[in-house]
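Data block below; observations after.
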Amino acid sequence: MALDSKKKVEFLTSVTKMPTPSSRWYRQWCRADNMVRCWVINSMIPDLKENFMSTKFVKHLCSEITEQYSQANAPLLF
């Protein structure tokens, strides 16, 4: 709800694309991305936080979470 109220859900869905480093919007985008990344990491239990602190962008964080915790391959998980 917090992400939606701040209009930042797009960072999780990858709708908001990273501008090029030479763009005038790059620093603003980085600040917003860092804020969303912190919100997501701070919503985790302490034991999980350490696994995801090294991600650089929210897009990478979401990919890592999905990769580690998705159940797409049920026989392998079994």
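The chain is numbered in sequence order, starting from 1.
Transitive grouping of hydrophobic side chains (ILVMFWY, heavy atoms separated by less than 4.5 Å) keeps Met35 and Trp25 in distinct clusters.
A donor-acceptor contact closer than 3.5 angstrom links the side chains of Arg37 and Asn34.
Atom CD of Gln28 and atom CG of Asp33 lie 12.5 Å apart (nearest 0.5 Å). In this structure, NZ on Lys56 lies 8.0 Å from SG on Cys30, to the nearest 0.5 angstrom. We find the CE-CG distance between Met44 and Asn51 to be 8.5 Å, quoted to the nearest 0.5 Å. Here the CD1 atom belonging to Ile65 is positioned 8.5 Å from the CG atom belonging to Leu48, to the nearest 0.5 angstrom.
With sequence neighbours left out, the ring pair (Phe, Tyr, Trp, His ring centres under 6.0 Å) criterion links Trp29 to Phe11, Phe57. Remark: Phe52 engages no residue in a ring pair (Phe, Tyr, Trp, His ring centres under 6.0 Å) (not counting sequence neighbours).
Lys49 NZ: more than 12 foreign heavy atoms inside a 6.0 Å radius.
Listed here is the closest heavy atom pair of Lys8 and Val36: CB-CG2, 3.5 Å.
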